[in-house]
Amino acid sequence: MVSSRSKYFSHLDDKVKALPHKPGVYQFLDDKNKIIYVGKAKDLKKRVSSYFSKINSISGKVQMLVRKIADINFIVVSTEQDALLLENNLIKKYRPRYNVALKDDKTFPWICIKNEPFPRLFPTRNLIRDGSQYFGPYANVRLMHTLLELIRQLYPLRNCALKLTDKNIKAEKFKVCLEYHLGNCKGPCVGLQTAEDYNNSIQGIRDIIKGNVHAVARQLKELMMSYAEKEDFEKAHLVKEKYLALEKYQSKSTVVNPSINDVDVFSIASDVTTAYVNFMKVMNGAIIQVHTVEIQKKLDEPDEELLPIAITEIRERFESISPEAIVPFDPGYQIAQVTFTVPKIGDKKKLLELSQRNVRYFQLEKEKQKELVDPEHKSRRIMETMMKDLRMSELPEHIECFDNSNIQGDFPVAAMVCFRKAKPDKSEYRHFNIKTVEGSNDYASMEEIIYRRYKRLIEERKSLPQLVLVDGGKGQLSAALASLKKLDLSGKMTVIGIAKKLEEIYYPNDPLPMYLDKKSETLRIIQQMRDEAHRFGITHHRKRREKGTVKSVLTEIPGIGFSNTQQLLWKFKSVKRIREASLEEIQAVIGKAKGKVVFDFFMEH
């Protein structure tokens, strides 16, 4: 394997041979000893060798990376999970040029439980590593404030910044404030609330934030019943209001079966340059956290490679220990004490679909924002997608699509439509009347129009398209290539054929067709051009057919004009039926006098 590699990588032979068949992390370094790429592998030797043994089959961006490798380092680890975590940490530390970049909007707020006696609870956008607990981040700020309002209704907490140590409280350094008199605080500053009672409230708050609403609701219900048994109805009513507020919050949050507990949900959507991964935390059937990260691609990484990176990063960031993760496909890596589920039906499938809708909405919103800043962003993204999908070496800024149109060989015509920057350029649309072909011969017709089109562009010294689409399969494609060869244009444009039935894409010298994803933008643009060329060609064919039919027969009748002939053809559909019609039927269409002229003409001829 190694010996067949390019001479450019011979200095790495010993490094590659020394790699073990173990899980681990590898680092590629450039000639300045700078780390330019960090990757993980189940089998280090197989993974690293693949970069060099398949150099001609990998993408141009990966080839660029490989050609800059001057040295290779590696670290062997015990498990695949260790490889994931180590890769993630090394990428954060070194920020290699060719690794994906996880972009995260750090302005999202968190809920903080401060590390102090009688902890305060407040929203913040600054994470301080002082032992405080942070929950979030909350992409939906309204949800966070709703949650905080519920907590304030259920648990009166202090909001002052006093240092409530035992020493200060016993020394009576503080006095109760207005918040105490309003019922928003129980006065721990003067010893009116014990640390144990306060910390019980904090534990209840943790449960609510984490989604464990059932435990808190149960406690409130028991407390309400206790007050009722003691006939302390005023306190029982206050607790009842809190209980109902919690029930209302829970009913709004529950989206699936409440038995689905402590589950992470991940989904991914991507285009040529960017991927988006949505994360949802589900507790007791309620979504308590939603977050989406953006990943900037560097080497055309597929979703199967990006999803494990995002899962590792998100679970670490949110300190998730959920034993189950719902995913759209098997990520290909194992994480200790975590089961990956790819649901097909049921409530878990609904959760995954909800996450997928969220990530698509997020992607669309990001695209809209980019288009506002850069109006050409969408067309450039589509062209980049087409270039990748169709294995092109340059952006298809100029595309032309050809279609033949004839009915049983009569009036053969063809059409060409032109797209520039993924949009129709109708000023460049062209019709062709077939001149050298008799009868119905699609291959010969295609050969003629391709030759005429590009011979003219050469003579007029106009730019050639980067992509040429031919409506048809291997035969039409071969005909087009024959004309391009005559013009010495072979290899100067990407030429493909598209067969209608199964939307098969044919390439020159490749007997097997390529199938694009039915939902891909590339196929959508190709179909749009093919349909547009067909419509444009049919319109021209219809005009020629009608004009030819009228001119050959009806226009020979003295006194009968173009308008009359159109009326007759619309009614009877053909000259044959007009000839067979009765005098009364013809007169009903164009009047008695002209009707008799037409009837008498066909009686005589």
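Just so you know, these numbers come straight off a predicted model, no measurement behind them.
In this structure, Arg530 forms no cation-pi arrangement with Phe402, as its terminal cationic atom is not both closer than 6.0 Å to the ring centre and no more than 45° off the ring axis.
In this structure, the side-chain contact (heavy atoms from CB on, under 4.5 Å) partners of Asp425, at least two apart in sequence or on a different chain, are Cys418, Arg420, Ser427, Glu428. When the side-chain hydrogen bond (donor to acceptor under 3.5 Å, both in side chains) test is applied to Lys486, the partners found at least two apart in sequence or on another chain are Glu447. The side-chain contact (heavy atoms from CB on, under 4.5 Å) search around Pro508 returns Leu477, Leu481, not counting sequence neighbours. Phe279 meets the ring pair (Phe, Tyr, Trp, His ring centres under 6.0 Å) test with Phe266, Phe318; sequence neighbours excluded.
Within a 6.0 Å radius of NZ in Lys297, more than 12 heavy atoms belonging to other residues, nucleotides or ligands are found. Residue Lys22 places its NZ atom among 12 or fewer non-hydrogen atoms of other residues, nucleotides or ligands, all under 6.0 Å distant. Other residues, nucleotides and ligands place no more than 12 heavy atoms under 6.0 Å from the OH atom of Tyr94. The environment of Tyr515 atom OH is dense: over 12 non-hydrogen atoms of other residues, nucleotides or ligands sit within 6.0 angstrom. More than 12 heavy-atom neighbours from other residues, nucleotides or ligands sit within 6.0 angstrom of NZ on Lys114. Counting non-hydrogen atoms of neighbouring residues, nucleotides and ligands closer than 6.0 angstrom, the CG atom of Asn126 reaches no more than 12 such neighbours. The environment of NZ in Lys92 is crowded: more than 12 heavy-atom neighbours from other residues, nucleotides or ligands sit within 6.0 Å.
With Gln528 contributing its side chain and Glu532 its backbone, the two residues share no donor-acceptor pair below 3.5 Å. Side-chain atoms of Tyr451 never come within 3.5 Å of backbone atoms of Met446 as a donor-acceptor pair (strictly under, hydrogens ignored). Without hydrogens or angle criteria, Glu305 side chain to Asp303 main chain gives no donor-acceptor distance under 3.5 Å. A side-chain donor-acceptor contact under 3.5 Å links Tyr134 to the backbone of Ile128. One N or O on the side chain of Asn115 and one on the backbone of Asp130 form a donor-acceptor pair closer than 3.5 Å. Side-chain atoms of Ser50 come within 3.5 Å of backbone atoms of Arg47 as a donor-acceptor pair (strictly under, hydrogens ignored).
Between Met386 atom CE and Leu523 atom CG the span is 9.5 Å, to the nearest 0.5 Å. The CG atom of Leu516 sits 6.0 Å away from the CG atom of Leu390 when rounded to the nearest 0.5 Å. One distance of note links CG of Asp71 with CD1 of Ile36; it measures 10.5 Å at 0.5 Å rounding. Expressed to the nearest 0.5 Å, how far OH of Tyr454 lies from CG of Leu489 amounts to 9.0 Å. Atom OG of residue Ser132 and atom CD1 of residue Ile113 lie 9.5 Å apart, to the nearest 0.5 angstrom. Between the CD1 atom of Ile91 and the CG atom of Asn99 there is a distance of 4.0 Å, given to the nearest 0.5 Å.
Side-chain contact check for Arg360 and Gln356: no donor-acceptor pair (N or O, by modelled atom type) lies under 3.5 Å. Of the N and O atoms on the side chains of Gln527 and Glu503, at least one donor lies less than 3.5 Å from an acceptor on the other residue. Using modelled atom types, one finds a donor on one side chain and an acceptor on the other under 3.5 Å when comparing Thr522 with Asp389. No hydrogens or angles considered: a donor-acceptor pair under 3.5 Å links the side chains of Glu504 and Tyr506. Under 3.5 Å, the side chains of Lys281 and Ser322 contain a donor-acceptor pair of N or O atoms. Residues Gln296 and Glu294 bring a donor and an acceptor atom of their side chains to less than 3.5 Å of each other.
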I'd like to know whether Ile35 forms a side chain to side chain contact (heavy atoms under 4.5 Å, CB included) with Leu90, so could you lay out the CA-CA distance, the side-chain angles of the two residues, the decisive distance to 0.1 Å, and finally the verdict.
CA-CA 10 Å; Ile35 296 174; Leu90 290 175; over 6 Å; no
Criterion salt bridge (Lys or Arg N to Asp or Glu O under 4.0 Å) on Glu367 and Lys378, from CA distance to verdict
CA-CA 7 Å; Glu367 290 299 329; Lys378 181 178 180 181; over 6 Å; no
Where do Glu384 and Lys388 land on the salt bridge (Lys or Arg N to Asp or Glu O under 4.0 Å) test, with the steps shown first?
CA-CA 6 Å; Glu384 287 173 350; Lys388 177 187 174 185; over 6 Å; no
Begin from the C-alpha positions of Glu400 and Arg453 and carry the test salt bridge (Lys or Arg N to Asp or Glu O under 4.0 Å) through to its verdict.
CA-CA 10 Å; Glu400 294 186 349; Arg453 169 63 177 169; 2.6 Å; yes
Between Tyr37 and Lys298, is a side chain to side chain donor-acceptor pair (under 3.5 Å) present by the stated rule, with each step listed?
CA-CA 10 Å; Tyr37 186 77; Lys298 297 294 181 66; over 6 Å; no
Apply side chain to side chain contact (heavy atoms under 4.5 Å, CB included) to Val282 and Asp262, showing your working.
CA-CA 6 Å; Val282 181; Asp262 199 5; over 6 Å; no
List the steps and the verdict of side chain to side chain contact (heavy atoms under 4.5 Å, CB included) for Leu467 and Met392.
CA-CA 9 Å; Leu467 176 62; Met392 298 177 62; 4.0 Å; yes
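Considering only heavy atoms from C-beta on, Gln466 stays 4.5 Å or farther from Ile399 through its side chain. Between Met416 and Ile449, every side-chain heavy-atom pair lies at or beyond the 4.5 Å cut-off. No side-chain heavy atom of Ile111 sits less than 4.5 Å from a side-chain heavy atom of Phe122. Two residues are said to be in side-chain contact when any heavy atoms from C-beta on lie closer than 4.5 Å; Val495 and Tyr507 fail this criterion. Under the 4.5 Å side-chain criterion, counting only non-hydrogen atoms from C-beta, Ser520 is not in contact with Arg524. Taking the side chain as every heavy atom from C-beta outward, Val48 and Ile72 approach each other to under 4.5 Å. Under the 4.5 Å side-chain criterion, counting only non-hydrogen atoms from C-beta, Glu459 is in contact with Lys455.
Taking both residues in full, the closest heavy atoms of Pro465 and Met493 are given as O-CG, 3.1 Å, listed atom of the first, atom of the second, then distance. Considering every non-hydrogen atom in both Met387 and Leu395, the closest pair reads SD-N, 3.5 Å. Between Val277 and Ile295, the closest heavy-atom pair is CG2-CD1, 4.0 Å. Across all their heavy atoms, Val16 and Lys45 have their closest contact at O-NZ, 3.3 Å. Residue Ser355 comes nearest to Ser267 through the heavy atom pair OG-OG, 2.7 Å, listed as atom of the first residue, atom of the second, then distance. Residues Pro331 and Val327 come closest through the heavy atom pair CD-CG2, 4.2 Å.
Outside the 6.0 Å centre-distance limit, the rings of Phe74 and Tyr26 are not counted as a close aromatic pair.
The list of side chain to side chain donor-acceptor pair (under 3.5 Å) pairs with a residue in residues 326-343, not counting sequence neighbours, reads Glu324-Thr341. Residues in residues 469-481 take part in these side chain to side chain donor-acceptor pair (under 3.5 Å) pairs, two or more places apart or across chains: Asp471-Lys500.
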